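Structure record follows, encoded as structure tokens.
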Number of protein chains: 2
Amino acid sequence: MALEHAILVSLLEKPGSGYELARRFERSIGYFWTATHQQIYRVLKRMENDGWVDARDVPQQGRPDKKEYSVADLGRAALSSWLHDPIEPESVRHDLAVKIRGAAFDDPAALIHEVERHRQAHRDRLTHYLAGQARDFTEPAARPADPGAPPDAERELQHAVLRGGIAYERMMIGWLDDVLATLARFGPDR
Amino acid sequence: MALEHAILVSLLEKPGSGYELARRFERSIGYFWTATHQQIYRVLKRMENDGWVDARDVPQQGRPDKKEYSVADLGRAALSSWLHDPIEPESVRHDLAVKIRGAAFDDPAALIHEVERHRQAHRDRLTHYLAGQARDFTEPAARPADPGAPPDAERELQHAVLRGGIAYERMMIGWLDDVLATLARFGPDR
DNA sequence: GCTTGCTATGCAACGAGTTGCATAGAAGGA
DNA sequence: TCCTTCTATGCAACTCGTTGCATAGCAAGC
């Protein structure tokens with residue numbers, strides 16, 4: 001399980017409450033990991049008991065108070081140990097691929113709308129990623145002032161992961177176009 | 001949940017025992033869906049109780065007897081109904097992406113071996129897919145005998161899914177090369 | 001005053017998925 | 001003879017993940 005590690009990474013990038021983490025998991029972290037607030041609260045509690053994170057009550061005005069979490073030494077050590085542990089290349093699960101193979105035993109043409117819907121969802125995500133890239137990773141005019149500056153690992157690696165998301169969405173759009181062309185060959189309702 | 005539907009599709013393509021299904025899930029179906037034999041046996045039993053599949057004892061020589069399952073009318077109906085139901089575009093979970101972002105808080109260079117290992121795993125899978133494609137989907141010399149023959153939906157759609165697997169592996173290899181280049185920029189052990 | 005909506009946290013129940021173990025027939029090699 | 005490997009099926013325990021629901025403060029609009 002890596003949810004706890006995903007949380008550690010997110011908290012290292014910026015401390016926050018369970019609620020804030022849940023929203024990050026809907027956005028940037030959600031590019032490659034999903035989690036509901038239930039999961040996050042449960043795991044945060046366990047991590048606090050294990051001493052991986054420290055909690056701090058933060059009174060707020062205009063909204064309910066929150067518990068802000070930050071990574072403790074034990075959490076940093078746990079993350080480091082996990083990073084040095086090899087993991088197996090993840091197994092994929094594509095409902096849509098099951099549907100495509102299943103369509104041979106039903107009506108292939110009926111799947112066209114579903115595939116188009118998915119294609120659109122991937123287009124939307126791609127647009128969103130590209131906007132994020134333009135916003136956060138456009139070099140602000142070639143920094144000539146400090147040519148030998150050390151590269152910022154956090155930022156560079158975030159960008160590398162985002163490029164992965166972009167490559168993934170482009171691949172999916174291309175493949176779904178391929179699938180649509182294949183489905184079209186079976187004509188309407190046969 | 002779509003495991004039951006994946007099983008239905010696999011049984012429609014060819015009836016078989018729980019054991020055989022488990023092996024298919026390690027191979028061709030496993031391109032886009034994984035399941036252990038435990039899961040499969042449990043779900044098969046439930047599907048049999050629900051009348052989705054029929055079981056038949058098949059005595060064998062030289063090896064233990066098996067229970068061969070085939071899809072019943074109710075199962076076919078269940079699959080059809082699922083095919084016509086829209087599903088949400090699946091959420092992704094990439095442990096490796098978590099590690100890459102996490103590496104910024106540890107030693108980026110230490111991740112290089114891990115990423116290379118994953119790259120190799122994807123290369124191996126790509127090679128395997130390409131071999132399967134050459135074996136199963138090479139047109140046997142342009143069939144001029146029957147030019148207007150109806151396209152074989154089952155075969156064509158299986159091929160489309162396999163092309164998706166190939167596109168995925170190629171994308172991953174390209175991205176991991178990108179990640180390796182990024183990691184290399186941080187030099188040995190800094 | 002009432003409803004709606006957002007922030008913020010949480011419980012309880014269930015279903016899905018993993019891991020470890022057990023059994024058993026047959027083949028093949030040390 | 002014993003050990004390992006492959007086929008074949010299954011139980012039990014556990015963890016992970018999802019869904020539905022509940023509470024509560026505060027803001028904004030009707």
Side-chain angles (χ1 to χ4, degrees), chain A residues 1-7 11 15-27 29-30 32-50 53 55-69 82 87-95 98, chain B residues 1-8 10-11 15-27 29-30 32-50 53 55-69 82 87-95 98:
Chain A
M1 218 279 279
L3 174 54
E4 30 207 344
H5 303 112
I7 289 176
L11 288 180
S17 69
Y19 187 82
E20 282 162 357
L21 281 171
R23 306 201 58 209
R24 287 187 216 170
F25 274 78
E26 283 168 14
R27 295 169 26 80
I29 306 279
F32 54 88
W33 202 273
T34 49
T36 62
H37 74 280
Q38 290 304 342
Q39 256 178 288
I40 292 167
Y41 283 124
R42 202 198 297 153
V43 172
L44 271 176
K45 190 157 287 180
R46 190 177 67 225
M47 290 167 76
E48 192 186 353
N49 286 334
D50 293 350
V53 294
R56 191 170 66 92
D57 278 320
V58 177
Q60 298 186 114
Q61 43 192 11
R63 53 179 66 179
D65 298 350
K66 66 175 180 180
K67 277 173 79 175
E68 193 179 80
Y69 292 91
W82 176 70
I87 48 174
E88 281 319 295
E90 50 272 328
S91 45
V92 196
R93 288 193 175 185
H94 285 293
D95 295 68
V98 178
Chain B
M1 216 281 277
L3 174 54
E4 30 207 343
H5 303 112
I7 288 175
L8 285 174
S10 193
L11 288 179
S17 68
Y19 187 82
E20 283 161 356
L21 281 171
R23 307 202 57 210
R24 287 186 217 169
F25 273 77
E26 282 168 14
R27 294 167 27 81
I29 306 281
F32 53 89
W33 201 274
T34 50
T36 61
H37 74 280
Q38 291 303 343
Q39 255 178 290
I40 291 168
Y41 283 125
R42 202 197 298 152
V43 172
L44 271 177
K45 191 158 285 180
R46 190 176 67 224
M47 291 167 76
E48 193 187 351
N49 285 335
D50 293 350
V53 294
R56 190 171 68 92
D57 279 320
V58 178
Q60 297 186 113
Q61 44 192 10
R63 55 179 63 177
D65 298 350
K66 66 176 179 178
K67 276 174 79 175
E68 192 178 81
Y69 291 91
W82 177 70
I87 48 175
E88 281 320 294
E90 52 272 328
S91 43
V92 196
R93 287 193 176 187
H94 286 293
D95 295 68
V98 178

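In what follows, chains carry the letters A, B, and so on, assigned in the order in which the sequence lines appear, proteins first and then strands, with residues in each chain numbered from 1. Keep in mind it's a predicted model, so treat the numbers as computed, not measured.
- At C:dT19, none of the side-chain N or O atoms of B:T36 fall inside 4.0 Å of OP1 or OP2 (strictly under the cut-off).
- A donor N or O paired with an acceptor N or O is found under 3.5 Å between the base of D:dT18 and the side-chain atoms of A:R42.
- In terms of phosphate contacts, B:Y19 brings a side-chain nitrogen or oxygen within less than 4.0 Å of OP1 or OP2 of D:dT7.
- Looking at which nucleotide of DNA chain D each of B:D65 and A:A35 is closest to, the 5′-most match is held by B:D65.
- D:dC11 atom P lies 15 Å from atom CD1 of B:I40, rounded to whole Å.
- If you take CG on A:L11 and CZ on A:R24, they are separated by 6.5 Å, rounding to the nearest 0.5 Å.
- The separation between A:E68 atom CD and C:dT7 atom C1' is 15 Å, rounded to whole Å.
- Rounded to whole Å, the distance from CH2 on B:W33 to P on C:dA16 is 11 Å.
- Note: B:K45 NZ to B:K67 NZ = 6.0 Å, rounded to the nearest 0.5 Å.
- For A:Y69 and A:R23, each mapped to the nucleotide of DNA chain C holding its nearest heavy atom, the one lying further toward the 5' end belongs to A:R23.
- For the atom pair B:D65 CG and B:D57 CG, the distance stands at 7.5 Å (nearest 0.5 Å).
- If you measure from atom CD of A:E26 to atom P of C:dC6, you get 12 Å, rounded to the nearest angstrom.
- Note on A:S17: a side-chain N or O is less than 4.0 Å away from OP1 or OP2 of C:dT9.
- Between A:D50 and A:M47, the closest side-chain pair of non-hydrogen atoms is not below 4.5 Å.
- Between the side chain of B:Q38 and the base of C:dG17 there is no donor-acceptor pair of N/O atoms closer than 3.5 Å.
- OP1 or OP2 of C:dA8 has not a single side-chain nitrogen or oxygen of A:K67 nearer than 4.0 Å.
- In this structure, B:R93 places its CZ atom 7 Å from C1' of D:dG17, rounding to the nearest Å.
- Atom CG in B:L3 sits about 16 Å away from atom P in D:dT18, given to the nearest Å.
- Counting to the nearest Å, the P atom of C:dG15 and the CD atom of B:Q39 are 16 Å from each other.
- Atom NE2 in B:H37 sits about 10 Å away from atom P in D:dG10, given to the nearest Å.
- When the side-chain nitrogen and oxygen atoms of A:Y41 are compared with OP1 and OP2 of C:dG10, none of them lie within a distance under 4.0 Å.
- When distances run from any side-chain atom of B:P64 to the nucleotides C:dT7, D:dG10, D:dT7, the shortest one goes to D:dT7.
- What you find for A:W82 and B:D95 is that their closest heavy atoms are CH2-O, 3.8 Å.
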